[in-house]
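What you see is a predicted model; the values in this text were computed from it and never measured.
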There are 2 protein chains.
Amino acid sequence: MSLRHGLLDLLAGEPMSGYDLSRYFAVSMGNVWPAQHSQIYPELARLTAEGLITQTGEGPRGRKIYQTTPQGIEALRAWMRDSKPDYQVRYEALLRIFCLWVLPTDEALAYLARDRKEYARHLEEMEQAIAEKDWGAHTTTRAARLTIEFGRRFYTNLVEWIDWATEQVAAGTLQPGGPLPSVTGG
Amino acid sequence: MSLRHGLLDLLAGEPMSGYDLSRYFAVSMGNVWPAQHSQIYPELARLTAEGLITQTGEGPRGRKIYQTTPQGIEALRAWMRDSKPDYQVRYEALLRIFCLWVLPTDEALAYLARDRKEYARHLEEMEQAIAEKDWGAHTTTRAARLTIEFGRRFYTNLVEWIDWATEQVAAGTLQPGGPLPSVTGG
DNA sequence: TTTTAACAGGTTGATCTTGACATGTCGCGA
DNA sequence: TCGCGACATGTCAAGATCAACCTGTTAAAA
């Protein structure tokens with residue numbers, strides 16, 4: 001039930017199409033709640049049927065512009081007030097670190113190097129997003145800025161952590177009888 | 001396809017029951033890949049049928065002890081080598097921050113305070129886990145220590161970030177015409 | 001002018017995940 | 001000895017999610 005609230009939030013800030021939304025779910029909002037267009041289009045139909053959004057215009061190529069209705073904003077508010085947040089994180093890339101011991105040290109180091117590259121890329125994206133956009137225009141974007149800031153710190157943190165993990169692995173953590181990971185070096 | 005690899009990893013380190021596993025998925029491994037027992041039991045049956053784990057013993061109350069087979073470890077290794085990591089993060093609690101603008105400032109501050117409490121609790125859990133367990137016993141636990149360390153940094157980061165966000169909201173970020181979130185204070 | 005890539009909207013089937021239901025065991029305290 | 005709570009294993013239906021498929025449009029490069 002989170003996808004619909006993400007859509008209600010985005011369409012409250014700025015009217016846009018399903019195609020635009022899917023791009024938001026590929027970047028900014030997708031950083032905390034990923035979704036494919038195959039999930040978005042049916043949800044837009046449902047939200048329209050429930051009166052939480054309306055189609056306010058159309059463009060070339062059958063493009064449909066949607067906007068959150070006052071009832072939609074009220075539904076979003078009710079969700080924020082009346083339901084408990086789900087604090088569970090799902091992150092496959094980190095689950096894999098649990099399994100790093102199956103690889104020999106050299107492969108594990110290559111693995112971590114690939115991860116690091118990915119995290120550095122995300123960090124750059126975040127910093128670019130912060131620099132490029134006007135975050136003061138609307139209350140919705142000012143709230144989004146809070147989440148983006150978390151993203152920036154999150155990826156900064158990941159890069160630092162993976163450098164630490166790399167040191168650990170290089171020191172032989174993944175070998176039987178290697179050094180204890182509890183000894184935090186560096 | 002990640003649940004099975006989490007199970008293979010845990011059962012490679014220490015033979016245990018579905019019940020034990022579900023507790024691992026409620027805490028340590030659940031921090032990056034949550035799973036309910038209703039998902040775990042059928043998966044154990046499938047893994048057994050495929051020869052990736054075996055039942056090596058039983059205990060009171062019909063308790064079944066499983067262990068990863070050499071083929072299971074090989075499957076885990078193949079997964080780590082041959083498939084690309086999914087770097088997508090799913091985190092509902094942060095999606096909600098996007099929607100914080102629907103609440104008046106006082107409610108938003110209360111909302112953040114509740115989140116902070118939750119994150120501080122998680123951080124304590126992490127620190128306790130690091131202190132309590134013997135992380136040098138096996139390569140599997142030494143790899144797990146790497147992820148736990150990320151968890152510690154992650155929740156430390158969240159607490160710091162939410163303090164920053166609280167300042168922003170207190171300064172009027174969620175009100176139209178409020179201060180720009182791009183001005184990083186404190 | 002042709003072809004390519006991005007735009008745009010959609011469906012479908014398979015798989016994953018959740019929450020609720022269901023059953024029974026064992027140890028401990030009242 | 002009675003009842004409770006933790007232990008322990010499962011199933012099932014509903015809903016969420018994803019990958020793949022499908023159709024058609026527009027702009028710009030070749």
> What is the distance from atom CG of A/L94 to atom SG of A/C99, rounded to the nearest 0.5 Å?
Replying inline: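 If I round to the nearest 0.5 Å, the distance is 11.0 Å.
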>> For a 4.0 angstrom threshold against heavy atoms of chain A, report the outermost contacting nucleotides of DNA chain D in 5' to 3' order.
In response: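 Result: D/dA16 to D/dA27.
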Show me the donor-acceptor pairs within less than 3.5 Å that the side chains of residues 38-45 of chain A make with the rest of the protein, sequence neighbours left out.
unit_1, atom_1, unit_2, atom_2, d
A/E43, OE1, A/R46, NH1, 2.5
A/E43, OE2, A/R4, NE, 3.0
A/E43, OE2, A/R4, NH2, 3.0

>> What is the distance, to the nearest angstrom, from the CZ atom on A/R23 to the C1' atom on C/dA6?
In response: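 Checked: the CZ to C1' distance equals 9 Å.
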Under the salt bridge (Lys or Arg N to Asp or Glu O under 4.0 Å) definition, can you give me all pairs with a residue in [range], not counting sequence neighbours?
range	value
residues 67-79 of chain B	B/E74-B/R77
residues 54-72 of chain B	B/D20-B/R63
residues 24-35 of chain A	none

>> If the condition is ring-ring contact (aromatic ring centres under 6.0 Å, His included), which residues does A/Y24 pass it with, not counting sequence neighbours?
In response: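 ring-ring contact (aromatic ring centres under 6.0 Å, His included) check on A/Y24 returns nothing, list empty.
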> Which residues satisfy the ring-ring contact (aromatic ring centres under 6.0 Å, His included) test with B/Y155, sequence neighbours excluded?
Replying inline: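 If we apply the ring-ring contact (aromatic ring centres under 6.0 Å, His included) test to B/Y155, skipping adjacent residues, the hits are B/H122.
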>> Going by ring-ring contact (aromatic ring centres under 6.0 Å, His included), name the pairs with one or both residues in residues 62-84 of chain A, residues two or more places apart or in two chains.
In response: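 Counting only pairs at least two positions apart or across chains, the ring-ring contact (aromatic ring centres under 6.0 Å, His included) contacts touching residues 62-84 of chain A are A/H5-A/W79.
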> How bent is the helix from C/dT1-D/dA30 to C/dA30-D/dT1, comparing axes over its five end pairs at each side, to the nearest 10°?
Replying inline: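 The end axes of the helix from C/dT1-D/dA30 to C/dA30-D/dT1 are about 20° apart, to the nearest 10°.
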>> Return a single string for nucleotides 9-20 of chain C, one symbol per nucleotide in 5' to 3' order, where B is base contact, S is sugar-phosphate-only contact and - is none, cutoff 4.0 angstrom on heavy atoms.
In response: BBB----SSBBB
> Of all residues at least two apart in sequence or in a different chain, which pass the side chain to side chain contact (heavy atoms under 4.5 Å, CB included) check with B/P104?
Replying inline: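 For B/P104 the side chain to side chain contact (heavy atoms under 4.5 Å, CB included) partners, ignoring immediate neighbours, are A/R81, B/D106, B/E107.
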> For A/A108, which residues count as a side chain to side chain contact (heavy atoms under 4.5 Å, CB included) partner, sequence neighbours excluded?
Replying inline: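 For A/A108 the side chain to side chain contact (heavy atoms under 4.5 Å, CB included) partners, ignoring immediate neighbours, are A/L100, A/L103, A/V169, A/L174.
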